[in-house]
Structures are given as structure tokens and as C-alpha cells.
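Some notes on the structure that comes next.
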Amino acid sequence: MSKVLIIGAGGVGTVVAHKVAADSAFTDIMLASRTKSKCDEIAKAVGTNRIQTAQVDADNVAELVALMRSFQPDIVINVALPYQDLTIMDACLECGVNYLDTANYEPKDEAHFEYSWQWAYHERFKEKGLMAILGCGFDPGVSAIFTAYAAKHHFDEIHYLDIVDCNAGNHGMAFATNFNPEINIREVTQKGRYWENGAWVETAPHEIHKPLNYPEIGERESYLIYHEELESLVKHYPTIKRARFWMTFGQEYLTHLRVIQNIGMARIDPIIYNGVEIVPIQFLKAVLPDPKSLGANYHGQTSIGCRIRGIKDGKERTYYIYNNCDHEVAYRQTGTQAVSFTTGVPAALGASMFARGIWRGEGVFNVEQLDPDKFLAELGERGLPWVEKFDIDLEL
């Protein structure tokens, strides 16, 4: 039985709060963010008196330490901003608290993310007898667990891995992002990158694209972008010859994105406006729709999975494992859209795996280093059922 501290009160934090409150593995729950009123709204929506709330600045290690020492959680679920991963990890080390997040660290002044900063914490967590679980959302997260499951049960060697992420939903807005606009726009406008024959290959943003067919959805144009789980997966599965990540974008979304970039609103460096320093992308975030507000009018499905080719018993085989999530079903369950739902459910389940002693270790771990079987056995029960297809045309 564990006490859990959830940091972050956006759409993903909302889903995590709902799922953790329904899980008997947790005795006490604290939800904290910079704005306590948001936490109070979520606690009220969950409809249980199990959730306590607090205000904390996740950029401030001293504030985090004070909260952790007061509440004394066994594990922190970090669903705040990727900029704040390291401050939260520092506070966990100081207070002897285990850690889980859904996205790797990203410096605030550079649109660049990699695991090296967090991997560097391995020895410190190990020395303290603590566990840090990195990237336990959907992608990264379930995408890596799908890969681990495939490697354990269906392949002797994985040679080609393509992670495919389709959002075929419609929220009715001219332009909106499905998670934090600042993080989303930084992610999808950077250069593409994929792994091939032992080296990283860099591409221009959205340079490589092709139509792919998604179950129950049909054909959608899919764009090669860089995504963080590629870095850890090629490290932990050295037989991989090529690893890529594909995401769908509609033409209207891409047109808006180009305009935002062309007029300088995607800039992450500060400018002076009327004597006040502002960051254009942070101002843009303030005027765009809150991703959490999209759920009420969202229709359609997401489809995220892994298309894998490799060798089993000396023969080549193909394998496709995926989940489809319906925006309307997600909204009925948690008041959020499917993108938040698919990230929050695995985070809550991963923390539960730790709380029940199923996932345990000392140091820093990516999720593919942990046993995938029991996680996937419960994922469907918690709202994200998955499907396997064997020896089919992967289109890639």
C-alpha cells in the first residue's frame, strides 16, 4: 500500500487522478500544481474525498522538498512540464521518494530532448535505494512496452521498428493542440531523426511522409518525426537496424503551424514587448484553447502502435500491436480527450505496478527494461485494450 503524490493538473493529471483514486493500491493521494484551484476542481470531479490538494512550484526544489516531507509519498507521478523533470528528481533524491514520469527532460531554452540528463541520475537513485521510471505514458511508454513484449514473446531479433501514432479525431477548432501547446509545437517543428545501421539520420521537419492505413480509421498521411523512445529502444535492443516514429497531421494543422513559425510565434527565446519580457510561444499558449477543454466536442479515434519486422526461429516475421482509443469514451470516463487519456492511464498503471511490488529496482529505468506481461495484462481492463496482428503487410 502506497502514498502517491501527483504533480500536474492538466489533462493528463486529470486522468491520473481519476485512475489512481480508483486503485486500491494507494492509501493516500495528493494532487499538487502551481495553481491549487485546478487541483481542487479535479478532486471535485473525481468525486471522492481520497484526494488531498496542494500548491507547489515544480521549478522550485525547496518547495517540492517541503511538500514531500510534509506528505511523505512513496512515489511521485510527474505529469508537469518536461522542463521540471530534473527539479522533481532532485527533490525525490533529497526526500527518499521514488519517481515516475511520462516525458523526458527538455531544457527550457532549447527545443531538444534526450535521456542523457536523466540517465545521469542512475547511480544517485541506486545509492539511495530508489527507483525512477522514465517515460510511462503511451508514446513514450506503452510503445516501448509493446516492443519489450514483442521481443520477449514473438522475436529472437527485432530488425525494423516503426512506431505509428494517428489521431483521427475532430475537435471542431480551427487550430488547437492535444497537449500543452508549448511542448507540442516545440516537438513537432524540430528536425526529424531516425536510427539506421548504427547511426542517427537527420531530416528536415516533415520532409519524409507517406500514407499509412490505421485500423478502423483508414488511410492518413503520416510524417516521420523524432520521438524520445527511439533513443532508449535502440540502446536496449541492439539488433534493431532501423527505428522510426510516424505521426499523422492534417493539412489545416500543418498550414497553421507554418504560419505560426513564419510570423515568429513559435520562438522560444524572450523578446521585449512594451517594456516586458515575454516568450512568444508562451504567449501563444495563453491564447490557444486549453487542451483539457477539447474533450466535450471531440469525436473519432486515436490509433497508436508498433509495426515490427524481425526473425523468429530463423524465419522472418511481421507483427503489429496497437491500441485504438475513442475520444468520446475517454471523455465519459474522465472528462478529457483521448490524447490525455492514453498518456494518463499508463502513468497511473505504472505507479500501481510499483506500489504493488511488481515493478521494482534501484536506479533509473526506461519502461522497456521492466516486465511487460503484467502491465499489458491490466492495460485493457483500465481502458486501453490492445490488438495483435501477425505476418501482415506493415506498409513500411
Side-chain angles (χ1 to χ4, degrees), residues 1-61 63-85 87-92 95 97-103 130-138 141 179-180 183 291-292 330 333-336 339-356 359 367 382-383:
M1 308 296 280
S2 291
K3 297 174 71 174
V4 59
L5 169 61
I6 306 162
I7 301 178
V12 178
T14 300
V15 176
V16 171
H18 275 270
K19 294 299 181 178
V20 163
D23 191 329
S24 61
F26 301 104
T27 53
D28 299 271
I29 305 163
M30 171 76 77
L31 175 62
S33 78
R34 194 186 302 268
T35 308
K36 185 177 181 295
S37 60
K38 291 184 178 180
C39 300
D40 294 335
E41 289 173 10
I42 294 169
K44 183 179 179 181
V46 172
T48 175
N49 58 7
R50 293 189 67 204
I51 301 178
Q52 304 174 55
T53 63
Q55 188 278 330
V56 72
D57 180 356
D59 290 316
N60 188 312
V61 175
E63 284 193 27
L64 289 163
V65 166
L67 178 61
M68 289 183 198
R69 284 183 174 158
S70 171
F71 182 62
Q72 297 185 333
D74 297 291
I75 187 168
V76 164
I77 302 175
N78 169 18
V79 284
L81 296 174
Y83 316 141
Q84 298 161 331
D85 288 0
T87 54
I88 296 173
M89 292 179 80
D90 286 337
C92 285
C95 297
V97 178
N98 300 283
Y99 172 89
L100 179 145
D101 67 27
T102 62
L130 298 172
M131 186 177 198
I133 301 170
L134 307 183
C136 195
F138 206 106
F179 55 94
N180 184 292
I183 303 302
K292 192 174 173 181
Q333 285 195 28
T334 60
T336 66
V339 177
S340 296
F341 190 84
T342 54
T343 305
V345 169
L349 176 54
S352 183
M353 291 281 122
F354 172 85
R356 290 178 283 152
W359 280 0
V367 291
R382 296 177 183 239

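- In this structure Ala43 satisfies the side chain to side chain contact (heavy atoms under 4.5 Å, CB included) test together with Ile51, Thr53, sequence neighbours excluded.
- Within the structure, salt bridge (charged side-chain N to carboxylate O under 4.0 Å, His left out) pairs that include any residue of residues 12-29 comprise Asp23-Arg382 (at least two apart or interchain).
- Closest heavy-atom contact between Ala25 and Ser352: CB-OG, 4.0 Å.
- In this structure Asp85 satisfies the side chain to side chain donor-acceptor pair (under 3.5 Å) test together with Asn78, sequence neighbours excluded.
- The two residues Ile42 and Gly10 have their closest heavy-atom pair at CD1-O, 4.4 Å.
- Closest non-hydrogen pair, Arg356 versus Leu349, comes out as NH2-CD1, 4.0 Å.
- A 4.5 Å side-chain heavy-atom check between Phe354 and Leu100 finds every atom pair outside the cut-off.
- When all heavy atoms of Val4 and Phe71 are compared, the closest pair comes out as O-CE2, 3.4 Å.
- Gly350 and Cys136 make their closest contact through CA-SG, 3.9 Å (heavy atoms, listed as atom of the first residue, atom of the second, distance).
- Taking the side chain to side chain contact (heavy atoms under 4.5 Å, CB included) definition, one finds that Ala32 meets it with Leu5, Ala54, Val56, Leu67, sequence neighbours left out.
- Thr334 places a side-chain N or O within 3.5 Å of a backbone atom of Ala330 that can act as its donor or acceptor partner.
- In this view, Asp90 satisfies the salt bridge (Lys or Arg N to Asp or Glu O under 4.0 Å) rule with no residue, not counting sequence neighbours.
- For the atom pair CD1 of Ile77 and OG1 of Thr102, the computed distance is 10.0 Å after rounding to the nearest 0.5 Å.
- Within the 3.5 Å criterion, the main-chain N or O of Leu134 finds no donor-acceptor partner in the side chain of Asp101.
- In this structure Thr14 satisfies the side chain to side chain donor-acceptor pair (under 3.5 Å) test together with Lys292, sequence neighbours excluded.
- Shown here are the side chain to side chain contact (heavy atoms under 4.5 Å, CB included) partners of Thr35, two or more places apart in sequence or in another chain: Ser33, Ser37, Lys38.
- Contact check for Lys3 versus Met30: no side-chain heavy atoms found under the 4.5 Å cut-off.
- Partners of Lys36 by salt bridge (Lys or Arg N to Asp or Glu O under 4.0 Å), not counting sequence neighbours, listed by chain and number: Asp40.
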Report the C-alpha separation of Leu64 and Asn60 in whole Å, then their side-chain angles, then the decisive distance to 0.1 Å, and conclude whether the side chain to side chain contact (heavy atoms under 4.5 Å, CB included) test is met.
CA-CA 6 Å; Leu64 289 163; Asn60 188 312; 6.0 Å; no
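- The heavy-atom pair separating Met68 from Ile88 by the smallest distance is CE-O, 4.1 Å.
- Among Val16, Val79, Val76, the one residue that satisfies the side-chain contact (heavy atoms from CB on, under 4.5 Å) test with Ile7 is Val76.
- Applying the salt bridge (Lys or Arg N to Asp or Glu O under 4.0 Å) criterion to Asp59, with sequence neighbours excluded, gives Arg34.
- Partners of Thr343 under the side chain to side chain donor-acceptor pair (under 3.5 Å) rule, at least two apart in sequence or in another chain, do not exist in this structure.
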